[in-house]
Amino acid sequence: MKNIIKITASLFLIFTLSVSVVSAQSWSVPNLSKKKQNPYDTSTKNISSGKKIYNINCKSCHGDATMRNMLPLQPVAPSDLGSQAFLMQTDGEIYYKVNKGNGAMPTFKKTLNDESKWMVITYLRSFDKNKKVSKKIAEVKNPEVSDVKLLLDINKETKSVSANLTGVTKKGARVALQGIELSFKVKRSFGYLDISGNDAYTNEQGMIEIPFPSDLPGDREGHVNLLVKVTDDAYYGEITVDRIATLGVPTDPENPLDERAMWGTRANAPIWIIVSYVGGVLSIWSIIFLVLFQLIKLPKLAKTEE
Amino acid sequence: MKEETSNNSRRKFLKSVGLSVGAAGVVSGFSLLGAAKAAAQEPGETVNLLTQDGQLVKVDKNQLRPTVSEPLTELQKRGREGIAGKSFVMVIDLSKCRNARKCMDACQNHHQLRTDQHHINVLQMQDAEHTAPYFMPKPCQHCDNPPCTKVCPVDATFKRQDGIVLIDNERCIGCRFCIAACPYSARIFQWTEPKDAEKYKNLTYNIESNVPQKKGTVSKCLFSADRLREDKLPSCVSSCPNGVYYFGDRNEDAVTNGTSGETVRFTKLIKENAGYTLMEELGTKPRVYYLPPKNRAFEFNGDLLNEENLH
């Protein structure tokens with residue numbers, strides 16, 4: 001049963017995605033739009049926030065930049081946005097195409113704001129080999145390290161989570177890693193809720209402190225599953241720590257069946273309905289029986305009269 | 001004499017048990033062999049499947065078969081109880097809907113419905129003469145004060161602890177009181193034999209997906225309760241290409257977008273976007289919330305734009 005659903009779902013996905021035909025005409029961009037410049041600078045922060053937006057909005061079709069793992073659509077597969085052939089275009093051209101959409105590529109004119117679009121372009125530009133984007137490396141200089149460790153500290157009084165990112169240098173000393181973005185996530189039923197905020201970068205001591213939202217529900221005891229991760233796997237591979245923290249608001253799950261209500265089934269019907277219904281049935285039957293008894297009594301009465 | 005017969009019958013019984021156990025062994029052996037043979041057979045018809053890591057693989061159709069599900073009693077019991085500690089809600093962002101209708105297709109595939117039967121339907125709306133038209137997907141609202149369960153004379157439709165309103169095909173007598181009671185027209189009636197009735201014939205009835213469908217009974221949106229049990233989003237939610245649907249647990253105050261997978265705070269989403277529910281004045285307390293069709297991602301291209309269709 002489960003498999004059937006999975007199979008039908010995946011078949012359906014493949015079918016629907018491959019049906020949307022892309023018109024393979026050349027995609028011309030007006031000259032004026034081509035000249036548009038990216039107003040945001042190529043900083044680590046912009047690149048990583050661009051990557052986040054990319055992963056949510058672009059990755060499902062285009063795959064990871066430079067990895068060539070886009071969806072195999074027909075007749076035209078989405079292009080690898082990290083490829084040099086794509087990055088030949090000016091910022092303005094990419095911006096125009098993201099706004100307009102074409103064929104199976106939807107328009108992002110209103111789904112993404114301008115800042116987000118430029119962030120994505122900044123992120124994609126970081127793969128451009130022709131454009132010397134040395135800022136990314138120059139901004140924060142961390143020594144080459146191995147055995148990267150992420151330590152978590154949960155402070156119940158201030159309701160905050162702090163993390164410490166360190167690594168061992170070649171000389172064997174453990175040093176702090178600064179300027180690295182971390183993601184703080186809370187597990188929910190169908191996904192992870194990001195609570196990192198906009199500025200989750202480690203400082204000179206490799207430390208970062210994030211306030212936990214004061215009104216986020218946990219379970220009955222207030223436990224939440226916390227996951228902390230180095231946002232960009234490209235730096236040190238995938239580094240994650242998960243922990244059960246007692247920072248959430250203790251929440252008793254509401255059970256609508258606890259109360260007796262009109263909409264409830266027999267077991268949950270309001271008392272007054274049960275009483276009045278049963279009372280009604282009983283009184284009607286008792287009247288019927290009363291009449292029957294009187295009828296039985298009639299012949300006897302007739303006899304005594306005689 | 002009497003004793004002998006009883007002895008006889010016991011022997012017979014033991015014999016038959018032995019035989020049937022043996023036969024079961026042989027049968028299972030055969031089915032294993034059969035599976036192996038089927039696998040070894042020349043690939044006949046193949047189907048393309050997308051694996052979880054995004055690889056396209058070709059699979060022989062012979063190897064695809066329905067999995068054995070739990071027995072009916074277990075399915076009925078857990079279907080009635082629901083998932084403890086959850087309180088499911090859906091948020092539909094009208095500004096993102098462009099009538100792609102993928103939700104409807106996925107739903108009809110999941111629940112054995114023909115293309116003219118809707119658990120979820122995308123409607124073209126125009127609230128007043130001079131207001132802008134928009135598309136509105138409309139599933140069952142899974143009300144917290146459901147009018148439909150009040151009128152059912154046989155306890156066939158009911159609300160579970162996680163807030164989902166379901167129908168039990170096994171109990172439904174087809175009186176259609178619930179259809180009349182529902183102000184959202186969320187329910188459908190199976191007038192004829194359902195689609196692919198032959199194919200689904202031997203499947204155990206699952207109350208959480210209402211499959212197999214039964215002629216003469218009522219059916220409606222179930223929030224894909226069987227998928228929720230596996231921590232998966234409902235079929236319509238995960239099949240939307242435009243990020244229209246959010247689905248989640250109100251107890252956790254989080255909803256997840258079916259398209260982007262992004263998880264956001266439920267209260268914040270509703271507050272910031274002025275979320276509303278349908279026909280609040282009826283006091284049905286729906287669990288499906290709508291975000292107004294403001295700053296639309298797509299132009300409205302429906303029939304309502306033509307003058308002829310307006311009146």
Side-chain angles (χ1 to χ4, degrees), chain A residues 1-18 20 55-57 60 63 69-72 106-111 185-194 213 215-220 224 248-249 251-258 261-268, chain B residues 47-50 54 56 64-69 84-87 95-96 102 105-106 109-110 144-147 149-150 155 158-161 163 203-204 206 226-227 230-233 235 238-239 241-243 247-249 251-256 259-265 295-298:
Chain A
M1 184 64 209
K2 283 175 201 164
N3 275 350
I4 286 190
I5 295 170
K6 270 182 203 161
I7 289 157
T8 45
S10 44
L11 275 175
F12 161 75
L13 251 179
I14 292 163
F15 181 70
T16 49
L17 287 175
S18 53
S20 44
N55 285 343
I56 290 173
N57 295 289
S60 55
N69 55 354
M70 68 289 281
L71 270 186
T107 157
F108 284 91
K109 195 167 186 177
K110 284 172 181 166
T111 24
K185 294 171 176 187
V186 179
K187 179 150 179 31
R188 305 277 90 167
S189 287
F190 302 101
Y192 285 93
L193 180 72
D194 203 313
D215 53 349
L216 192 68
D219 63 4
R220 278 197 177 82
V224 288
V249 179
T251 313
D252 258 328
E254 50 168 285
N255 184 353
L257 301 182
D258 283 345
M262 282 284 276
W263 50 261
T265 47
R266 265 181 313 211
N268 275 349
Chain B
V47 282
N48 289 323
L49 295 180
L50 193 66
L56 264 182
L64 306 177
R65 55 196 65 177
T67 43
V68 182
S69 50
K86 303 275 184 187
S87 179
S95 67
K96 302 223 181 91
K102 304 292 180 221
D105 293 348
N109 272 334
H110 184 178
D144 275 348
N145 183 14
T149 64
K150 287 178 195 168
D155 269 4
F158 57 92
K159 190 176 184 67
R160 336 193 286 178
Q161 56 175 316
L203 214 63
T204 316
N206 188 353
D226 54 335
R227 281 173 65 95
E230 300 165 17
D231 283 341
K232 283 182 192 159
L233 290 166
S235 299
S238 46
S239 64
N242 299 320
F247 193 87
D249 183 356
N251 289 338
E252 284 181 341
D253 193 23
V255 283
T256 304
T259 311
S260 64
E262 195 185 5
T263 303
V264 292
R265 296 288 293 271
N295 275 341
R296 245 127 3 113
F298 309 100

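Side chains are part of it too, since the values below use all heavy atoms of this structure and drop only hydrogens, waters and symmetry mates. On a predicted model such as this, the values are computed, not experimentally measured, just so you know.
- Residue A:Ser60: no heavy atom, backbone or side chain, is found under 4.5 Å from chain B.
- Residue B:Glu262 touches chain A through its side chain alone, counting heavy-atom pairs closer than 4.5 Å.
- Note on B:Ser260, B:Pro146, B:Ala254: by heavy-atom pairs under 4.5 Å with chain A, the leading option is B:Pro146.
- Nearest heavy-atom pair, B:Arg160 versus A:Pro256, reported as atom, atom and distance to 0.1 Å: O-CG, 3.8 Å.
- Look at B:Asp155 and A:Arg266 and you find a salt bridge, because one of the NZ, NE, NH1 or NH2 atoms lies within 4.0 Å of a carboxylate O, short of that distance.
- Closest non-hydrogen pair, B:Gly85 versus A:Pro253, comes out as CA-CB, 3.5 Å.
- Scanning all heavy atoms of the two residues, the minimum distance from A:Glu254 to B:Asn251 falls at CG-OD1, 3.5 Å.
- The parts of B:Arg265 that come within reach of chain A are both its backbone and its side chain, each placing non-hydrogen atoms under 4.5 angstrom from that chain.
- The residue among A:Leu193, A:Asn55, A:Asn255 with the most heavy atom pairs within less than 4.5 Å of chain B is A:Leu193.
- Between the B:Thr149 side chain and the A:Trp263 main chain, a donor and an acceptor come within less than 3.5 Å of each other.
- Chosen from A:Asp215, A:Val186, A:Val224, the residue pairing most often with chain B at heavy-atom distances under 4.5 Å is A:Asp215.
- When all heavy atoms are compared, the tightest approach of B:Asp249 to A:Ser189 is CB-OG, 3.8 Å.
- Chain B forms the most heavy-atom pairs under 4.5 Å with one residue out of A:Lys185, A:Arg188, A:Lys109, and that residue is A:Arg188.
- In plain terms, the two heavy atoms of A:Phe190 and B:Leu233 that are nearest each other are CG-CD2, 3.5 Å.
- No side-chain heavy atom of A:Pro217 sits under 4.5 Å from any side-chain heavy atom of B:Glu252.
- Here CZ of B:Phe158 is found 10.0 Å from CG of A:Leu257. Values are rounded to the nearest 0.5 Å.
- Contacts between B:Thr263 and chain A at a heavy-atom distance below 4.5 Å involve backbone atoms as well as side-chain atoms.
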